[in-house]
Amino acid sequence: MCTSIAINADNGQVFWGRTMDMNLGMFGEDPGIDVDIINIPCGATIASQLQPWTSKYSMMGAVCGR
């Protein structure tokens, strides 16, 4: 299950996030599990299996098992 939060700034920007509620270490404490912290800036072009797309928002997250 995920938990989400949205914060509306005074200038109208929305900051949204969620958790991934799983029992998995993300910072090297679980040997054998490869986890990368990623950051995608707003306006970045992302390669895709179908066609490239451009990110509308900045984001960060974790990718497991790359």
Review point. Would you say the side-chain atoms of S58 pair up with the backbone N or O of C42, donor to acceptor, closer than 3.5 Å?
Key: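 Side chain of S58 to backbone of C42, a donor-acceptor pair under 3.5 Å: yes, one is there.
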Review point. Rounded to the nearest 0.5 Å, how far apart are CD1 of I38 and CE of M59?
Key: 4.0 Å
Review point. Does D10 CG have over 12 foreign heavy atoms under 6.0 Å away?
Key: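 It does not: D10 CG has 12 such atoms or fewer within range.
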Review point. Which heavy-atom pair separates A6 from V14 by the least distance, and what is that distance?
Key: CB-CG1, 4.5 Å
**Study point:** side-chain contact (heavy atoms from CB on, under 4.5 Å) involving S55 - partner list, sequence neighbours excluded
**Key:**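 For S55, the residues satisfying side-chain contact (heavy atoms from CB on, under 4.5 Å) (neighbours in sequence not counted) are I40, A44, W53.
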Exercise for review: Identify, with sequence neighbours excluded, every residue that meets side-chain hydrogen bond (donor to acceptor under 3.5 Å, both in side chains) alongside Q51.
Suggested key: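 For Q51 there are no side-chain hydrogen bond (donor to acceptor under 3.5 Å, both in side chains) partners, ignoring immediate neighbours.
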